[in-house]
Peer 1: 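Sharing a structure below in structure tokens format, with a few things to ask.
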Amino acid sequence: MGETVEIPVEWREHVHPRRGGIPGPPVAVDEGAARRARAWDLAARPIAKEMLDHERTDPELGRALRAWLDGEADPAGAAAAAAVAVRYLEEVEGTAFLDAWVLDHGLAFAACAVTEAFSIEPGPVPRPATPGSGLVARLVAYGDGAPRGWRGEIRRVTFHDHFPVGRWVAEDSAAKRLRTLLAAAPDDGYGDAVARLSNHRGDAWRQRVASYLAPTETAWLDGSPGSSFGSADLDYEFLLCSLSSAAQIGKVRWVPVTPAVIGTLLDGLGTDALPLLDLALRQGHDAEATRAVVLRALAGIADEAVFPFLLDHMGAKGVPAALQEAADRYPDHALRALAPLIDEGTTKGLQAAGTVRRLLYARPGLAGAVPAGSVGALLPRPAVPDCADLPEVLTGRPARGAKSDWADPALLPRILTRDRDRALPAGATRHLLGLLARKAPEAARVRAFCDPHSLAEFSWAVFERWQALGAPTRHNWALAQLGLIGDDTTVRRLSPLIKAWPGQGLTARAAAALDVLAAVGSDVALTHLFELTRRGRYKGLKARAALKIDEIAAARGMTRDALADRAVPAFGLDERGTLVLDYGPRRFTVAFDEQLVPLVREPGGRVRKSAPKPGPKDDPALAPAAHALFTGLRKDLRTIADQEIRRLELAMTTRRSWTPEDFRTLFVAHPLLGHIVRRLVWTTGSGTAFRVDEGRDYADVRDDPFTPAPDDRVGIAHPVLLGDELRAWAELFADYEILQPFEQLGRPVHRLTEGERAAHRLARVEGLVLPYGKAKGHSQGRWESVDADGGFAGGWLARRDPAGLYVVAVLSPGLGHYMYGEGEDQKITALWAGPAPARAPEDTVPLGRVDPVTMSEVVHDLVRSAY
């Protein structure tokens, strides 16, 4: 323990000493107190003899008391006599008996007597209060004619004794003095005391006192009855000071935070006391004072476990500074503890990275102690000369101020110039930090002068440093600056945090991070914004992401859908939609399946699911870079592939279309989307269906060349529009072994009969019963259940066709409230079409006026969802 925990010097006089631990202040036995105690013992003997004869006196205590009165050194008898003196004599100082026992009979005797005293009570057992009677104190005065036996018996304490007099003999100050004496006793004296104490641990009261006096006897506390500390024990502080092993801390429900208690816990438990320090911080009582004591304790613990503990409490005042102090004092422990967290992609990972980077930059000698893995990326880069020819935006004297002084350029990666052979001098970097701290837009001008990768790395390091300082709101520019000088890597790192922050109570930070994605403005950034509107767990965040997309689209003069068309990244694929992984002597080509999952094709034609690991014969620079490139691509596509496939499926069911020029530019020629385009059947507004072949040419169902008219429109063919050609298209795709990204040619088709086209209600779906969860899901998907005021209207589901007509399914009994959970099944009582949804059919039109694709999808959804 002494090797890992350093207890503050100013606390040591308050610590409850234990054998082998911190020595306490010397304790002197008071001869004057002992003389007084002996006199009180003699004066109490007549009373004690009378009580001995009481019929309810505990036989065991009676024998012990008689032995003491007869001159034998019996600890239980001595404790009983002292209890009688305290109860029935005037102005008796109970703790003085400790001095007498130590001087007259030795330390072991005194330990046993104090333990016994805690369990002894003279007088009858109090009657428990009856419900409603209240507590009534009855005082009876007797003169010389007091009836014999009125004082009652000598007995063991019960839970009805709220203020047992034995406490005045074995009160806390006496117990602490006695424990101090035992801790300093010679080995044979301490061993004798422990051996004799073991025979005086008869009940819960005595067991707890003995455990406190001899905390080295771990089994004594482990074997004590009860799962937690009860009210009839020593003061709670003293009970905590009995702990000696990690197994015992489960008994603790709260921790009084004082130097005495915390110092004693550290002395007895060492680093095993951390869960109790965690409990102390979480209690919230007198938080400011509590934190100060706990953080003072943590500063002296040289153990890896301290660092995750501090990260768990980073939101509390003073903890970020304590983390930096602990890392400075114990850098090796910090590196080992924080390194595994850096790759997590979490707030803790950011805090760990910011702390480790600062440590490595401040102490270059630690580089040799860096564990294998991503921590190596935080090491300072090899030095390059300063750049002399700076752009105007970085010239001039850098402003100094509290807003940016915490971001010391010496503790951050250097920013390289475009050619990567020079770096910004410290003054220019400080000037840039000042611009970023003011959120000055001109800071973005450095992009043209600096290497984009090193600039983004610097930007992220500033963000990590801010996190390691507890992300103080007065320096929130550290988040905003990511949008000024960050890149696509920044976006990929930030997106998982945006999704997690609302669940951590950081909704405002997540909203500010959406502004960062918008400020980066790249295709990757827009893709992640779109993904947040679909997959975010938090409704408010999804709505804000959608609003941000609408703002960007409006600024560019286009719709949200048009923006989504133009925001699909190419991910470095060549114009043929391929990517070559160059390992030097080996080269591999990346291909894609129907779900845009990247696959690796070897020169011999064999297809692998992932890129091979670099081997000893591969180029040491090219191979790792190529492997990392594939790994990054696969990670990116996990975000975008499903999103783009679903977006195209929605375009099919909503009849979106494009000009032939936009179709070719946005889809056919797109390096990534081209892989999906060739797996679908397309159609023109004039009704001709076609596909895109491997050479990016168009062909109809007979494989004849086809070219859409310049003024025509191109959309994804819904099978209901293919009519008699549907089977031919299905056979053609089967012959070419073309797998589709979503259900198109095999999609169920529901066409209205002539009678249904003329009808105003669709009888074939009325009466269907939807499970509550399916109906609820429809209300928050392609269907809607929102009234004219924007409120939830659970009595119907509606779906809008391209011309603006609504198909309405009336539900009974209705969804009722806008929440997930259990609910009643929903019966479709009517299905109709009209200009606006309503609770009952209103201004209906013949169903044949509804777009056939919309009607087919309506029937498909309801039939598929029904029981």
Side-chain angles (χ1 to χ4, degrees), residues 561 565-566 568 570 573-579 589-599 601 605 607 641 644-749 751 802 851-853 856-857:
D561 286 337
D565 291 337
R566 289 158 177 79
V568 184
L573 304 179
D574 61 26
E575 61 180 12
R576 296 171 300 172
T578 59
L579 180 68
T589 302
V590 177
F592 300 87
D593 69 8
E594 74 280 2
Q595 297 296 318
L596 290 183
V597 174
L599 305 171
R601 193 181 304 278
V607 175
E644 291 304 311
I645 290 170
R646 287 178 178 270
R647 192 169 70 86
L648 291 178
E649 183 178 18
L650 182 62
M652 177 187 74
T653 60
T654 57
R655 304 286 297 273
R656 274 197 73 203
S657 63
W658 299 265
T659 66
E661 182 181 358
D662 280 348
F663 170 63
R664 176 163 286 277
T665 302
L666 299 175
F667 296 101
V668 178
H670 193 280
L672 181 66
L673 294 184
H675 294 283
I676 300 180
V677 168
R678 293 191 291 271
R679 297 177 178 276
L680 296 170
V681 178
W682 299 80
T683 188
T684 63
S686 56
T688 302
F690 66 96
R691 70 181 182 90
V692 181
D693 64 21
E694 292 292 330
R696 296 182 177 173
D697 294 321
Y698 305 161
D700 62 17
V701 72
R702 293 175 295 278
D703 255 354
D704 293 332
F706 171 74
T707 302
D711 59 348
D712 211 339
R713 302 288 294 183
V714 176
I716 303 172
H718 190 281
V720 78
L721 303 177
L722 293 176
D724 296 338
E725 288 187 350
L726 177 58
R727 176 172 293 183
W729 276 113
E731 291 174 353
L732 180 66
F733 271 50
D735 290 342
Y736 282 120
E737 297 182 346
I738 299 174
L739 299 177
Q740 297 198 287
F742 55 82
E743 201 174 36
Q744 183 192 24
L745 297 178
R747 197 180 196 87
V749 172
R751 295 186 177 89
D851 173 68
V853 171
S856 180
E857 290 295 306

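These numbers come from a predicted model, not from an experiment. We use all heavy atoms of the structure for the numbers below, so side chains are in, but hydrogens, waters and symmetry mates are not.
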Peer 1: If you compare all heavy atoms of S856 against all heavy atoms of H718, which two are closest, and at what distance to 0.1 Å?
Peer 2: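 Of all heavy-atom pairs spanning S856 and H718, the closest is OG-CE1, 3.8 Å.
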Peer 1: So which atom in E644 and which in V568 form the shortest heavy-atom distance, rounded to 0.1 Å?
Peer 2: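 Shortest heavy-atom separation between E644 and V568 comes out as OE1-CG2, 3.4 Å.
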Peer 1: Is it true that a side-chain atom of H675 and a backbone atom of L596 form a donor plus acceptor pair closer than 3.5 Å?
Peer 2: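 Checked: no pair found.
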Peer 1: Search all heavy atoms of P660 against all heavy atoms of P710 and return the closest pair with its distance.
Peer 2: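 That would be CD-O, 3.6 Å.
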Peer 1: For residues 738-748, which residue pairs pass the salt bridge (Lys or Arg N to Asp or Glu O under 4.0 Å) check, not counting sequence neighbours?
Peer 2: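 Output for this query lists E649-R747, R747-E857.
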Peer 1: So does L680 get a backbone contact from the side chain of Q744, meaning a donor-acceptor N/O pair under 3.5 Å?
Peer 2: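 A pair under 3.5 Å: no.
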Peer 1: For residues 661-674, which residue pairs pass the salt bridge (Lys or Arg N to Asp or Glu O under 4.0 Å) check, not counting sequence neighbours?
Peer 2: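 The answer is R566-D662.
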Peer 1: Do the ring planes of F667 and W682 sit parallel (below 30°), tilted (30 to 60°) or perpendicular (above 60°)?
Peer 2: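 F667 vs W682 ring planes: tilted.
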Peer 1: If you measure from CG on D712 to OG1 on T707, what distance do you get to the nearest 0.5 Å?
Peer 2: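 If I round to the nearest 0.5 Å, the distance is 11.5 Å.
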Peer 1: Identify the heavy atoms of V681 and L722 that sit nearest to each other, and give their distance.
Peer 2: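 Looks like CG1-CD2, 4.3 Å.
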Peer 1: Using only atom types and a distance under 3.5 Å, with no angle test, would you say the side chain of Q740 pairs donor to acceptor with the backbone of L745?
Peer 2: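 Judged by distance alone, yes, a pair lies under 3.5 Å.
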Peer 1: Parallel under 30°, tilted from 30 to 60°, perpendicular over 60°: which one fits the rings of F663 and Y698?
Peer 2: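 It falls in the tilted class, 30° to 60°.
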Peer 1: To the nearest 0.5 Å, how far apart are CZ in F690 and CG in D704?
Peer 2: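 F690 CZ to D704 CG: 14.5 Å, rounded to 0.5 Å.
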Peer 1: Tell me whether the count of non-hydrogen atoms from other residues, nucleotides or ligands lying under 6.0 Å of CZ in R646 goes above 12.
Peer 2: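 No - once you tally the heavy atoms of other residues, nucleotides and ligands closer than 6.0 Å, there are 12 at most.
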Peer 1: With sequence neighbours left out, what residues match E725 under side chain to side chain contact (heavy atoms under 4.5 Å, CB included)?
Peer 2: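 With sequence neighbours excluded, E725 shows a side chain to side chain contact (heavy atoms under 4.5 Å, CB included) to A689, V701, W729, given in chain and number order.
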Peer 1: Rounded to the nearest 0.5 Å, what separation is found between the CG atom of L573 and the OG1 atom of T578?
Peer 2: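 With rounding to 0.5 Å, CG (L573) is 7.5 Å from OG1 (T578).
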Peer 1: Determine the minimum heavy-atom distance between P802 and T654, stating which atoms define it.
Peer 2: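 Closest approach of P802 to T654: CG-O, 3.7 Å.
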Peer 1: Quick one: CD1 on I716 to CG on L721, what's the gap to the nearest 0.5 Å?
Peer 2: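 If we round to the nearest 0.5 Å, I716:CD1 and L721:CG are 12.0 Å apart.
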Peer 1: For a side chain to side chain contact (heavy atoms under 4.5 Å, CB included) with I645, tell me which candidate from I676, L673, L650 qualifies.
Peer 2: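 So, applying the side chain to side chain contact (heavy atoms under 4.5 Å, CB included) to I645 and each of I676, L673, L650, only I676 qualifies.
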Peer 1: Side chain to side chain contact (heavy atoms under 4.5 Å, CB included) with R679: which residues, sequence neighbours excluded?
Peer 2: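 Side chain to side chain contact (heavy atoms under 4.5 Å, CB included) list for R679, sorted by chain: E594, I738, L739, P741.
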Peer 1: Show the nearest heavy-atom pair for residues A717 and M652, with the distance to one decimal.
Peer 2: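 Closest pair (atom of A717, atom of M652, distance): O-SD, 3.7 Å.
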Peer 1: Rounded to the nearest 0.5 Å, what's the gap from OH on Y736 to CD on E731? Could you check?
Peer 2: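 With rounding to 0.5 Å, OH (Y736) is 13.5 Å from CD (E731).
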Peer 1: Just checking E575: does its CD atom have more than 12 heavy atoms from other residues, nucleotides or ligands closer to it than 6.0 angstrom?
Peer 2: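 Result for CD/E575: open.
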Peer 1: Enumerate the residue pairs fulfilling salt bridge (Lys or Arg N to Asp or Glu O under 4.0 Å) with a member in residues 688-699, sequence neighbours excluded, ordered by first and then second residue.
Peer 2: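 Non-adjacent pairs meeting salt bridge (Lys or Arg N to Asp or Glu O under 4.0 Å): R678-E694, R691-D703.
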Peer 1: Does a side-chain N-to-carboxylate-O contact under 4.0 Å join D565 and R647?
Peer 2: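 Counted as a salt bridge, because a side-chain N and a carboxylate O are separated by less than 4.0 Å.
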Peer 1: Report the residues that fulfil side chain to side chain contact (heavy atoms under 4.5 Å, CB included) with T688, sequence neighbours left out, ordered by chain and then residue number.
Peer 2: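 Partners of T688 under the side chain to side chain contact (heavy atoms under 4.5 Å, CB included) test: T684, S686, F706.
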